[in-house]
Amino acid sequence: MQGKAYRIIIYVSEDDHYRGRPLYVALLEMLRREGASGATATRGLAGFGARSRIHTASLADLSAALPISVVWVDNYEEIERILPVVRTMVDDGMITREDIEVVQYAAGRNPEPLEQPVQTIMRSGVTTVKPATPVADLVALLMQRGYRSLPVVDEQRKLVGIITDGDLMRRAGLLTRLGLQDKLTPEQMQEQLAALQGGPHTAEAIMTRPIITVRPDDKVRQAAALMGEHSLKRLPVIDDSGHLVGLISRVDVLRSVEYHQQSDEAEVTAPRTGASIPELMNGDVPTVHPDARLEEIVRALESSYQRRVVVVDEARHVLGIITDGDLLRRSRYAQDPGLLRRLRNLVTRHKEQMVTLPYAGETAGQLMTLPVITVNLDTGLGEALSLMLRYQIKRLPVVNADGVLQGLLGRNSLLNGLIVS
């Protein structure tokens, strides 16, 4: 969970109970059972509510029923799914909801995020529909409540299909796309829903099957490869019996990779926003020609936060790429104190004056990595993600139809684009 989220605060009393248990305990147990992201109960020192009685924790009245607040943070889908249950449990109290931004939510860093099992980053609380669910209800969930996909399960919660907005368009005759609902007037939206109400279509009639799935103990790398290979944004997670246990999206994968990266790999400028590679790429790319010497290569590296330089010919066709790591692995001068100091300062971003490297025996053509994995201006974001994960690349050169360098696509900017799309 990262980015926009909601904070629910449930104000109850210490002496409130639900089915023989303290209400705050029952709420925490229910939230955990339903797969909520997290909640905390806090006992107040004093307070009053609708009954206007002040309760305190003074020594003179140790039995006073003190106020309890249960703070629950989650994403939109989970709040919409679980909040009705919370409301049925709270007879005497107050419930509030507010928008927040989650900056970080994780259970510890993993040095190999793509090698961790899917279950560590999947979303276990998934909104589902039944095969007999009417299409009108599906439209309301996908378009009005903002769900991205709806797994279809039977009475035993076995996965039998999945529905996206594309299925609505292709198989239910719906002409509007998810994300365009804001362009419709309320009257037009009601017309769309009314046209489907009572129609012959159900979830079973329009769902996609067979379904590409993963298991909880599969590696995240395997899930990411499947998403890229089949151009999918998310995959259902099922157990050995075919029961749905969660959902993993490509944004979950990319967020995990971004969070677990070493701090010295973080971009020092804000990632770009947009929905296509031309909008997301950085057009200011350091370049050198294949005959460039070591000093020119290092200067090009120092000119940008990106810690890589693209090797191009006179027409700016991409020939290769050089990172600071490539110099340490391939240069015969890798142990020279002057070179090591300058490469170290690429990480620390020190601006001190450095000694000029006099070496003339190596060229960029000898030090560069090839072949170079590139993307085109019209490459889909899903394909770019697949390439990044498959080849463990943090930035991809972007070329036009003639192979001429146009920019660099960074991982964090790609993350922003995937969230938007």
Side-chain angles (χ1 to χ4, degrees), residues 1-12 18 22-43 68-90 93-110 113-114 116-128 141 145-151 153 157 214-218 220 223-224 233-239 243-261 415-416 418-420:
M1 183 175 59
Q2 184 175 333
K4 182 180 180 181
Y6 291 105
R7 176 167 55 212
I8 304 295
I9 304 180
I10 309 160
Y11 299 90
V12 296
Y18 180 79
L23 177 56
Y24 72 91
V25 174
L27 285 168
L28 290 176
E29 290 178 346
M30 183 277 295
L31 290 170
R32 182 174 59 85
R33 185 172 60 250
E34 290 294 323
S37 294
T40 301
T42 304
R43 186 172 186 254
I68 299 283
S69 63
V70 178
V71 180
W72 164 34
V73 174
D74 227 315
N75 58 47
Y76 175 84
E77 292 186 1
E78 297 305 290
I79 296 293
E80 289 294 301
R81 181 176 65 88
I82 305 175
L83 187 55
V85 181
V86 173
R87 297 186 65 181
T88 64
M89 297 174 65
V90 179
M94 181 172 65
I95 303 173
T96 64
R97 175 167 65 180
E98 54 190 317
D99 294 346
I100 62 169
E101 181 178 357
V102 175
V103 177
Q104 181 170 302
Y105 175 75
R109 298 186 187 272
N110 188 320
L114 294 179
Q116 61 187 327
V118 164
Q119 62 189 354
T120 60
I121 67 170
M122 74 179 188
R123 304 182 185 194
S124 57
V126 182
T127 298
T128 62
L141 288 168
R145 295 179 61 182
Y147 289 91
R148 298 292 182 140
S149 64
L150 295 169
V153 298
R157 202 171 168 76
V214 290
R215 302 294 174 89
D217 55 354
D218 286 344
V220 172
K233 293 183 178 180
R234 52 195 59 83
L235 294 173
V237 185
I238 61 173
D239 62 18
H243 297 99
L244 181 71
V245 296
L247 199 70
I248 181 173
S249 72
R250 64 188 186 188
V251 174
D252 296 328
V253 173
L254 208 57
R255 281 175 174 162
S256 177
V257 172
E258 190 273 337
Y259 169 73
H260 289 102
Q261 68 180 340
L415 168 61
N416 272 3
L418 291 172
I419 294 174
V420 169

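What you are looking at is a predicted structure, and each value in this text was computed from that prediction instead of being measured.
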To the nearest 0.5 Å, atom CG of D239 lies from atom CD of Q119 at 11.5 Å
Hey, does E80 have a side-chain heavy atom less than 4.5 Å from the side chain of T127?
no
State the CD1-CG distance between I95 and L83, to the nearest 0.5 angstrom.
6.0 Å
Taking only residues two or more places apart in sequence, or in another chain, which ones meet R157 in a salt bridge (charged side-chain N to carboxylate O under 4.0 Å, His left out)?
none
Within the 4.5 Å heavy-atom criterion, are M122 and L247 side-chain neighbours or not?
no
Mind checking the OG1-CG spacing from T120 to D217? Nearest 0.5 Å is all I need.
11.5 Å
Apply side-chain contact (heavy atoms from CB on, under 4.5 Å) to the pair R215 and I238, showing each step before the final yes or no.
CA-CA 5 Å; R215 302 294 174 89; I238 61 173; 3.8 Å; yes
Say you draw a straight line from CD1 of I10 to CD1 of I68; how long is it, rounded to the nearest 0.5 Å?
12.0 Å
Would you indicate whether the side-chain heavy atoms of D99 and Y6 approach each other to under 4.5 Å?
yes
Taking the side chain as every heavy atom from C-beta outward, state whether L27 and W72 have any atom pair closer than 4.5 Å.
no
Mind checking whether V118 and P216 have side chains closer than 4.5 Å, heavy atoms only?
no
For R7, check side-chain hydrogen bond (donor to acceptor under 3.5 Å, both in side chains) against everything at least two apart and list the hits.
E98
Do you know which two heavy atoms are closest between L31 and A39, and how far apart they sit?
CD1-CB, 3.7 Å
My understanding is that only residues two or more places apart in sequence, or in another chain, count here; which of them pass side-chain hydrogen bond (donor to acceptor under 3.5 Å, both in side chains) with R32?
none
Residues which pass side-chain hydrogen bond (donor to acceptor under 3.5 Å, both in side chains) with S124, listed by chain and number, not counting sequence neighbours:
none
Does R87 have any side-chain hydrogen bond (donor to acceptor under 3.5 Å, both in side chains) partners at least two apart in sequence or in another chain, and if so, which?
none
Side chains of V70 and V86 in contact at under 4.5 Å (non-hydrogen atoms):
no
Taking side-chain contact (heavy atoms from CB on, under 4.5 Å) as the test, write out the residues that go with S69, two or more places apart.
I9, Y11, T42
N-O pairing of R81 and E34 below 4.0 Å
yes
Distance (rounded to the nearest 0.5 Å) between T96 OG1 and I8 CD1:
7.0 Å
Would you name the heavy atoms of D74 and A36 that are closest together and state the gap between them?
OD2-CA, 3.2 Å
